[in-house]
Amino acid sequence: MTLSNDRSDKFLTTCLFCRREFNEILMKCPVCGGPLEIIWLNPKFKVCKSKANIWRYETLLPTFSRVVTHSEGLTPISRIHNVLIKNERYNPTGTYSDRASALIASYIASSNIKRLRIKFTEDFTYSLSYYLNGIAEVDVEVCDNDFYSDELGKLIELGVNLIPSKRTSNNSNALELDYLNPLTIEGLKTIVFEIYEKRIKCEDIVVPAVTGLLTYSLWKGIKELKESGLDVNYNVVSALIKGQSRPKLIPNEVKVVEVGLKTILDVFTRLCRYGIKLKPISTLAYVVAEDLRNSIAVITAGYRPSTKRNVVKGGIKEGIINLLSRDDNLTAYEIWQKLKDFTLRGVYKALKSLELNGVVCSDFEVRNYRRVKRYRLCS
Ligand SMILES: [Zn+2]
């Protein structure tokens with residue numbers, strides 16, 4: 001299933017295995033079945049500041065007749081203790097997969113694909129199903145091990161069909177899609193663009209390695225910034241659990257740091273006791289970033305529900321939560337106007353704390369060339 005692209009003169013799709021080139025977006029190599037990536041022939045990095053989502057980097061993203069977005073991207077950069085983190089939890093479904101889903105859903109919505117079939121992949125399947133809700137039918141192939149995942153129930157709520165992974169029937173109307181596809185890479189690379197746009201001063205961008213796809217995508221993003229003529233000195237560092245083999249997707253020039261399981265569990269426990277809930281896999285990147293110092297870790301950090309209940313206590317925060325439970329999407333200024341008993345500075349401080357604790361979420365909107373932050377309760 002293919003879709004020719006308006007700007008196919010500006011990119012090629014290349015197979016990472018056999019290096020064959022194609023002039024259209026394909027989900028996998030039609031010759032060898034290998035993964036594909038999009039190569040920009042004349043890359044130009046330009047930020048479209050009116051867009052408060054990943055489409056602000058449209059000059060280095062494929063163009064589609066219908067663009068799907070749920071305000072993914074522009075995730076906050078903050079600190080956990082001394083470690084600078086880019087917290088991908090603040091994406092619509094709480095993971096960086098949403099960046100990939102925005103592109104894939106736009107591709108599907110712009111084509112005549114009405115049905116697709118994907119293998120269950122934690123986080124990604126949920127994110128993509130969320131984005132495709134109302135756009136296409138989704139069949140999710142489930143295998144025995146997937147039964148341990150809590151996400152299956154959430155998928156049903158999104159109207160997804162769960163089917164056994166055995167390929168008994170071959171539905172020719174359905175597009176078969178893997179997590180590893182050129183649009184996922186294009187979506188994930190926007191993490192680097194955001195770090196660059198904010199001119200974050202650091203050397204290393206640390207990501208956990210599972211399949212190596214996130215590492216590859218960020219490495220590609222840095223390469224494109226350099227090819228755009230920009231002076232960029234970031235390196236991607238891939239954090240791997242000791243004993244695991246280096247994923248083939250990780251480019252040779254990328255540094256890989258191995259961490260023992262004991263260290264990961266110790267740090268995971270230490271952070272949990274502080275009430276900071278990282279995914280265990282995110283802890284891997286956190287440990288390496290803590291060690292490297294001049295770095296930023298790309299992680300998914302949330303907080304335990306018990307911590308949420310604690311922060312709800314206290315006048316100003318309670319006031320904000322009550323207000324946002326009735327009146328959604330307010331700016332800090334609007335909140336302050338409605339809570340006259342507090343100072344504007346106090347409102348900002350409370351909002352920052354509530355946001356870091358995962359109670360309040362925000363979206364950006366552009367008004368008169370200014371980016372306006374609007375707050376709501378996290379769902
Ligand atoms: Zn190939």
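Both counts, for ligands and for their atoms, begin at 1 and track the order of listing.
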Quick one: list whatever passes disulfide bond (SG atoms under 2.5 Å apart) with Cys15, sequence neighbours left out. none

Quiz question: by atom type and distance under 3.5 Å, do the side chains of Thr75 and Arg99 form a donor-acceptor pair? yes

Shell check on the Zn ion (ligand 1): protein N, O or S atoms less than 2.8 Å away are Cys15 SG, Cys18 SG, Cys29 SG, Cys32 SG

Is any side-chain N of the basic residue among Lys220 and Glu224 closer than 4.0 Å to the acidic one's carboxylate O? yes

Pair Lys262 + Asp266, salt bridge at N-O below 4.0 Å: yes

Member of Val298, Val206, Val256, Val207 meeting the side chain to side chain contact (heavy atoms under 4.5 Å, CB included) criterion with Val236: Val207

Non-hydrogen side-chain atoms of Asp123 and Glu151 separated by less than 4.5 Å: yes

